[in-house]
Amino acid sequence: MKHLLPAVQRTALRIPWAAVGGCAAALLLTAAAPGGQYAPWALAAVAAAGVGWPGLLAVVCAGLGALLFMDFQPGLRHTAAALLIFCANTALCNTRLYRRPRFRPMAAVCAAGLTQLPYLIQRGGRQWALCMAALALLYGAAALLPDLLPESAAEQADKRRAWFLLLLGVCAVPAGWTVMGFSPAAVLTAVLLLYFVGRGPAPDAAAAGALAGLTLDLCGTGELYLAVVLCAAASAAAGLRGGQRLPAAAAFCAAGVLAALLLGEVRPLAVLCQLLTAAGVWLLLPEKEGMLLTAAGEVSPEAAAPAAAFRAVYDSLEDHAPLLRPENPAVLFDRAAEQVCRDCPLRSDCWQTHYTDTYNAFNDACPALLRRGQALAEDFPPYFADRCVRFPKLLGALDGQLHDFLQRRLHHGRLDAAYRLAREQYRQVAEVLSRTAPAERLRRAHLTCRTAALLRPKTGEKHCGDQCAVFDAGGLTCLVLSDGMGSGESAHCEAAMTIRLLRQFLQAGIEPLPALKTLNTAAMLRCQGGAGFTTIDLACLDRAEGVLTLYKYGAAPSYIKRQGTVARYRAQALPAGLESADGDVPPQRVAVSPGTWLVQVSDGVAGEDDEWLQDLLAGWDGTSPRALAEELLRQSVQRTGGADDCAVLVLAIDGKADPHRV
């Protein structure tokens, strides 16, 4: 149990309302119970609370809610499900599985299913359908609620869905109450739908209306009435979401009443009054500020792009966490005995005839050695100390091995702490950048270009360990090539992830040098966890200024052809992950004009001698970048026999420079 507290502190989900709000949600949302049998929102709150005191208090409050709002048997099953969810989170909180986004929703569904399904064996199809609907709501709520956390890097659409589902549970609490035929739950849900319709596309609005109405029906009468009414109302209002609010409210009310009439409603005036009340409340609320479905501090997708890039690096490090398993102290005695007992005349007697006595002596002495940090004679029983003819020498060897063992343990602890600190810094940077917008390049491009990219895996391999991509980022045309260490699937995954992260950084508005330094640091951390290093070959063409900039981390040479002359540009830094990024990678800037060609290749293309490649490029008189890339790969296979992965990127610059550009 000693490892549990640090694990909880590292992995427990810290929600803003962990102590009070989470408990209140687990307590009050128990009243939102479809069929009076299930309370999916309360169980989702227990799953979101995680482990430790927040999770335990959420379980207690879920039990109190079951006592207040549910019958004895359904309440007992609900409490058992909450307890199982907490136990599953606590038992696996120190594993990688716990950190996966789908773990807690699946654990919540499995726990609820284990407690509910045995009860349903003798029940009819209606109860089975009700249970499946409740489990679906539980999975959705448990999966979306974490998106509301301040440190979450979820997309804006995901946060809107999370707010809608959470507030739908709040609206469903009074679903069984009516005042003179007037349903407060229906009014609140209609207001929520109008907010959702005004902020989302029509298909989402129709689905939200059906889900909201079905939830109220399951929590109330059990008849599919409000599902049809609210779906029709939301669909009608969604068609006018881009216009004025008053016509949208009118369409919402008219479509809802019409649907009620088609269902045989004998009192349409009551339905109309409820919809008019909801529309009036919505019209009185501010149009933009204070929107319920907009999270506090939410930023535009453009502003969230740098944060998402750093969050992607943070997530990539999690999969490569170093496995620092504790070293077995028995290695002390094995290595010391190897030094001392190798040529001892009593070796056979100690390690064969009396092997059990020797093993027990070492086993009994181990706790004292580790506690004191030094081997003393009194740590060993007399029967062993008296028989050993090299006992002083054995004590000296144990002291040396013990010193090395403790140093390794200290080093592993510091390495683990440094790794987790670095990951936490990436998370904090992502959180800070989520509130800043990147600067955009709003310059007119005066050059055009054409590109081609080709890959060929090593002979006998299915996956190419080299990867490349071409994309636009902030006014720059970027060509990036990465060569993973070795070949096969592992090299392919490492190179692909490097390109994906670099692309995300550049398209978020981050300059190439800071982005490369960040990726280099992340690669160093992944290398400590057993991953391989990668090369990075980045070329950025500023079409407005006519400048091509090369950034090379251990990459193979690049070749630029201008006015019939081929220049060779080599890397000036080691591959990403092999050295510190304290200094900037020296960028190589080249002024370009129409007719300039750039060729980037991995080291498997040219082989040991690249004279043939330079001659081919110098004599190339074609106009197709793809044709040049295919010719390079064809001649590379003839010369190297496909002994390594190959990647080729070709850039041809067209257009005319404008002397009057600004």
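- Of the inter-residue distances, the one linking L57 atom CG with F86 atom CZ reads 9.0 Å to the nearest 0.5 angstrom.
- Using a 4.5 Å heavy-atom cutoff, the side chains of L137 and L211 are in contact.
- To the nearest 0.5 Å, the span separating CG on L167 from CG on L193 amounts to 11.5 Å.
- For the pair R77 and T115, the tightest heavy-atom approach, listed with the atom from each and the gap, is CD-O, 3.3 Å.
- One distance of note links CZ of F505 with CZ of R500; it measures 11.0 Å at 0.5 Å rounding.
- The side-chain heavy atoms of I85 and N89, taken from C-beta on, include a pair separated by under 4.5 Å.
- Tested against V257 for a side chain to side chain contact (heavy atoms under 4.5 Å, CB included), the candidates V229, L272, L276 yield a single pass: L272.
- Contact between E461 and G488 at its shortest, heavy atoms only, is OE1-CA, 3.6 Å.
- For A142 against A44, the heavy-atom pair with the smallest separation is N-CB, 3.6 Å.
- Nearest heavy-atom pair, Q274 versus V187, reported as atom, atom and distance to 0.1 Å: O-CG2, 3.9 Å.
- Atom-to-atom distance recorded for F471:CZ and L502:CG is 5.5 Å, nearest 0.5 angstrom.
- Atom CG of L76 is separated from atom CG of L67 by 11.0 Å, given to the nearest 0.5 angstrom.
- Closest of all the heavy-atom pairs between L194 and A279 is CD1-CA, 3.8 Å.
- Between L117 and W128, the closest side-chain pair of non-hydrogen atoms falls below 4.5 Å.
- The line from CE of M497 to CD of Q467 is 12.5 Å long, rounded to the nearest 0.5 Å.
- Residues T534 and S482 share a closest heavy-atom pair of CB-OG, 3.7 Å.
- At a threshold of 4.5 Å between non-hydrogen side-chain atoms, the residues Y38 and L138 do not count as touching.
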